[in-house]
Amino acid sequence: MDWDKLRIFHAVADAGSFTHAGETLNLSQSAVSRQISALEESLRIPLFHRHARGLILTEQGDVLYRTVKEVFHKLAMTEALISDSRERPSGPLKITTTVAFGTTWLTPRIKEFIDRYKDIEVSVILTDGALDLSMREADVAIRMTAPRQPDLVQRHLLTVHSHIYGAPQYLTEFGSPDTPQDLDGHRLIVYGEDAPVPVSSINWLIDAGLEGERRRRPILRLNNLYGIYRAVASGLGLAALPDYMVDKDSPLVRVLPDLSGPAIEAYFVYPEELRQSKRVNVFRDFLLEKVSEGNF
């Protein structure tokens, strides 16, 4: 099988259309279509079902796609190892973490890492879903739960604590609760139930200090922790936020300071194949250095 045609096939299968694959490959739609037709003719089997809404892999096409995807993964891993054979860390490093941690803690510090290691090409993907590191959707991850995959290396990074915060203008208007039971009379902002939550205990504020089945009714549900932070900062209400989001320059005030949510353990995670990667190792050490400087 012609490697160039397989490369185009992989792009088409990922994109679901000749047009989108052509944009990725910088080829015309007709050129992509001709290459796929030629590959199908050489194999004497159809690889795609053609529909008005796009392309769907046939059973044989799916078998080929899974094999080609694995080959691409191994090539990407080999490229990474070759890049790390140089004396100075260099090459691409794709990092993924949660939206909240990435937005408020990681990205303000990433400049220092980039300035220190100018030959490393950094990409950051912020998502509350877990990307597949074994398939190189990212090289490394900072996760708020321990990974379950046996082929991933994990290093405990920090323990995340959360407390209740409010804006000065809110506390001036509505007062500050003196006991957890006083939260019944306050406007509460929580994480939306219709979205996958970053950690299972994220909405502990709803029943903090309550007994039995009763839960408080929030004034707002929002499926993004940074969005919750901004809503609190606007004076809308109180919310439980990870302490890493509220630094010394934040205007937010901690209320009921002795009341905290369940501790969350954060991990630095990467595939076993990258254990010897200089890029991964220097980034791990950088994170540990920055964590040691903070108060969590």
Side-chain angles (χ1 to χ4, degrees), residues 1-84 91-99 102 121-141 143 145 147-152 192 194-198 223-224 269-274 277 279-280:
M1 286 179 280
D2 182 88
W3 175 249
D4 196 50
K5 290 184 176 63
L6 290 177
R7 178 178 64 88
I8 293 173
F9 165 76
H10 181 266
V12 172
D14 271 347
S17 78
F18 294 138
T19 301
H20 291 151
E23 293 170 354
T24 301
L25 298 167
N26 199 26
L27 295 172
S28 68
Q29 183 269 347
S30 58
V32 172
S33 178
R34 284 196 303 272
Q35 292 279 34
I36 295 301
S37 296
L39 180 61
E40 290 176 321
E41 289 175 10
S42 67
L43 295 174
R44 298 181 181 178
I45 54 170
L47 298 172
F48 294 98
H49 295 297
R50 274 79 165 169
H51 293 280
R53 291 175 295 177
L55 302 171
I56 300 175
L57 286 166
T58 63
E59 183 177 353
Q60 296 89 342
D62 186 59
V63 171
L64 179 61
Y65 174 66
R66 282 187 274 116
T67 301
V68 172
K69 187 174 183 179
E70 183 178 350
V71 170
F72 267 82
H73 163 63
K74 290 182 177 179
L75 284 172
M77 191 67 69
T78 301
E79 181 183 11
L81 294 175
I82 290 173
S83 296
D84 278 323
L93 180 66
K94 189 181 295 185
I95 306 158
T96 183
T97 189
T98 62
V99 176
E121 304 160 23
V122 177
S123 301
V124 178
I125 303 172
L126 303 183
T127 174
D128 290 332
L131 298 186
D132 190 342
L133 300 187
S134 63
M135 293 307 297
R136 294 301 299 276
E137 291 182 342
D139 297 312
V140 300
R143 292 184 175 167
T145 55
R148 298 177 181 177
Q149 300 95 315
D151 58 339
L152 295 180
D194 295 331
V197 296
N223 69 333
N224 179 286
V269 185
Y270 55 93
E272 174 67 35
E273 300 99 305
L274 293 179
S277 167
R279 286 165 298 161
V280 170

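The CH2 atom of W3 lies 9.0 Å from the CZ atom of R7; values are rounded to the nearest 0.5 Å. To the nearest 0.5 Å, atom CD of residue Q35 and atom CG of residue L27 are 8.0 Å apart. Annotation: the span from L131 atom CG to D139 atom CG amounts to 11.0 Å, rounded to 0.5 Å. Atom CZ in R34 sits 10.0 Å away from atom CD1 in I8 (nearest 0.5 Å). Rounded to the nearest 0.5 Å, atoms OG1 (T97) and CG (L126) are 7.5 Å apart.
Residue pairs meeting the ring-ring contact (aromatic ring centres under 6.0 Å, His included) criterion with at least one member in residues 20-57, sequence neighbours excluded, are F9-F48.
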task = Check the pair L64, L6 against side chain to side chain contact (heavy atoms under 4.5 Å, CB included), reporting the backbone distance first and the verdict last.
result = CA-CA 9 Å; L64 179 61; L6 290 177; 4.2 Å; yes
query = Run the side chain to side chain donor-acceptor pair (under 3.5 Å) check on S28 and S30 step by step: do they pass?
reply = CA-CA 5 Å; S28 68; S30 58; 3.2 Å; yes
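The shortest heavy-atom contact between A11 and L25 is CB-CD1, 3.7 Å. When every heavy atom of A138 is checked against every heavy atom of T96, the shortest pair comes out as CB-CG2, 3.7 Å. The nearest pair of heavy atoms linking K5 to A38 is CE-CB, 3.5 Å. Looking at every heavy atom in both residues, A21 comes nearest to A15 through N-CB, 3.7 Å.
The side-chain heavy atoms of L152 and R143, taken from C-beta on, include a pair separated by under 4.5 Å. Within the 4.5 Å cutoff, no side-chain heavy atoms of R279 are placed close to those of Y270. Annotation: side chain of T58 is not in contact with side chain of I45 (no heavy-atom distance under 4.5 Å).
Judged by distance alone, the side chain of E40 and the main-chain N or O of L47 form a donor-acceptor pair under 3.5 Å. Using modelled atom types, no side-chain atom of D2 and backbone atom of L39 make a donor-acceptor pair closer than 3.5 Å. Listed for the S33 side chain is no donor-acceptor partner under 3.5 Å among the backbone atoms of Q29. Of the possible donor and acceptor atoms, none in the side chain of D128 sits under 3.5 Å from a partner among the backbone N and O of T98.
In this structure, N26 places its CG atom where only 12 or fewer heavy-atom neighbours from other residues, nucleotides or ligands lie under 6.0 Å away.
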